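For the single chain, residues carry numbers from 1 onward in sequence order. This structure is a prediction, so every number in the text was calculated from the model and none was measured.
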Amino acid sequence: AIEVVAARYGVTRPYCLHVGTLQPRKNLGVLIDAWGILRDRLAQPPMLLLAGKRGWLYDSLFEQVKNAGLGDLIRFADYVERDDLPALYSGALALTFPSLYEGFGLPPLEAMSCGTPVITSNATSLPEVVDDAGILLEPTDAHAWADAVQHLAEDAGAREHLARRGLAQAAQFTWERCAQETWDVLNG
């Protein structure tokens, strides 16, 4: 099922995934720069699937991919059916999530719930969501992003380690816990 869903979105080999609306705060330009670095370093760099509808000020991302000659490595999936997300997460080498600002960070939590390693920003709420179950990076350092992707692409043991840690971290986020903590605050 994973291969069928991935193929539906143009993925033809190992890939990393980003899930989120195409808009400036998602900081996707750093991923495009990182994939340019990976193309120069690796004989077979992973693909990057950008799954999310077009928000605002996204045209520059398409131009950046075109100008860098990365159209064979980076796919824009636009809106992805909700039922397809578990397969896309599960098939990915990693979720790459360089956001500059998130109120919570649902895609990293969803990825960890699927056993997918997470590479994300060390900004705003993301360290709290991911904790030590993922790789936290400075959001604007394209070389650090390329290094982290290369490390996970080449090291199955590292991916397995992060997958286990991610599943444990995601298990801490339950609706029951959320309701209890909200109740405690309201009645505190």
Side-chain angles (χ1 to χ4, degrees), residues 1-39 45-114 116-127 129-130 134-146 148-149 152-153:
I2 291 170
E3 289 177 10
V4 170
V5 171
R8 187 177 311 139
Y9 294 99
V11 175
T12 57
R13 61 182 199 232
Y15 67 99
C16 291
L17 177 67
H18 177 273
V19 176
T21 304
L22 304 181
Q23 58 182 283
R25 76 177 172 93
K26 297 299 184 177
N27 193 35
L28 298 175
V30 77
L31 291 182
I32 296 167
D33 289 341
W35 254 258
I37 294 165
L38 290 167
R39 179 194 54 209
M47 293 182 75
L48 174 61
L49 180 63
L50 300 171
K53 65 182 183 173
R54 298 173 189 197
W56 55 285
L57 297 176
Y58 56 81
D59 288 330
S60 63
L61 296 173
F62 295 100
E63 285 298 314
Q64 187 180 357
V65 169
K66 180 182 174 185
N67 292 340
L70 293 169
D72 60 324
L73 290 178
I74 299 176
R75 296 279 188 265
F76 291 91
D78 292 321
Y79 176 77
V80 169
E81 294 295 329
R82 186 146 198 75
D83 291 344
D84 289 346
L85 280 174
L88 288 175
Y89 280 126
S90 297
L93 294 171
L95 175 76
T96 49
F97 202 75
S99 186
L100 297 170
Y101 175 80
E102 290 295 321
F104 178 72
L106 193 56
L109 183 58
E110 290 174 337
M112 289 186 299
S113 294
C114 291
T116 302
V118 172
I119 307 169
T120 192
S121 304
N122 61 2
T124 64
S125 65
L126 295 167
V129 173
V130 175
I135 298 172
L136 299 171
L137 300 174
E138 206 308 300
T140 60
D141 186 347
H143 286 278
W145 285 87
V149 169
L152 291 183

TODO: Answer yes or no: is there a donor N or O on one side and an acceptor on the other, between the side chain of Asn27 and the main chain of Pro98, under 3.5 Å?
DONE: yes
Task: Separation between OG1 of Thr120 and CE of Met112, rounded to the nearest 0.5 Å - done: 9.0 Å
Open item on the list: Nearest 0.5 angstrom please: Ile119 CD1 to Phe97 CZ, how far?
Closed with: 13.0 Å
TODO: Return yes if some donor-acceptor pair links the side-chain N/O of Thr124 with the main-chain N/O of Glu102 below 3.5 Å, else return no.
DONE: yes
Open item on the list: Using a 3.5 Å distance criterion without hydrogens, assess whether the side chain of Ser125 forms a donor-acceptor pair with backbone atoms of Phe104.
Closed with: yes
- [ ] Working to the nearest 0.5 Å, report the span between NE2 of His18 and OG of Ser99.
- [x] 6.5 Å
- [ ] Heavy atoms only: give me the nearest Val130-Pro108 pair and the separation to one decimal.
- [x] CG2-CB, 3.8 Å
Task: Smallest separation among heavy atoms of Trp145 and Asp141, with atom names - done: CD1-O, 2.9 Å
TODO: Please report the shortest heavy-atom distance between Gly91 and Ile2, naming the atom on each side.
DONE: CA-CG2, 3.4 Å
Can you give the donor-acceptor pairs under 3.5 Å from side chains of residues 63-79 to other protein atoms, not counting sequence neighbours?
from	atom 1	to	atom 2	distance (Å)
Gln64	NE2	Gly29	O	3.1
Gln64	NE2	Asp33	OD1	2.8
Asn67	ND2	Glu63	O	3.3
Arg75	NE	Gly10	O	3.1
Arg75	NH1	Gly71	O	2.6
Asp78	OD1	Arg54	NE	3.1

Task: Residue pair Ala94 / Leu152: nearest heavy atoms and the distance that separates them - done: CB-CD1, 3.9 Å
- [ ] Determine, stepwise, if the pair Leu50 / Leu48 fulfils side-chain contact (heavy atoms from CB on, under 4.5 Å).
- [x] CA-CA 6 Å; Leu50 300 171; Leu48 174 61; 3.9 Å; yes
TODO: State the CG-OG1 distance between Leu31 and Thr96, to the nearest 0.5 angstrom.
DONE: 4.5 Å
Task: Point-to-point distance, once rounded to the nearest 0.5 Å, from CG of Leu137 to OG of Ser121 - done: 7.5 Å
Open item on the list: Is there a side-chain contact (heavy atoms from CB on, under 4.5 Å) between Val80 and Val19? Walk through the geometry before answering.
Closed with: CA-CA 9 Å; Val80 169; Val19 176; over 6 Å; no
- [ ] With rounding to the nearest 0.5 Å, note down the distance linking CZ in Arg25 to CH2 in Trp56.
- [x] 9.0 Å
Open item on the list: Under a 3.5 Å distance rule, please check whether Thr116 uses its side chain to pair with a backbone N or O of Tyr89 as donor and acceptor.
Closed with: yes
- [ ] Kindly say whether Pro46 contributes a backbone atom to a donor-acceptor pair with the side chain of Trp35 at under 3.5 angstrom?
- [x] yes
Task: Exceeds 12 heavy-atom contacts within 6.0 angstrom, atom CZ of Arg82 - done: no
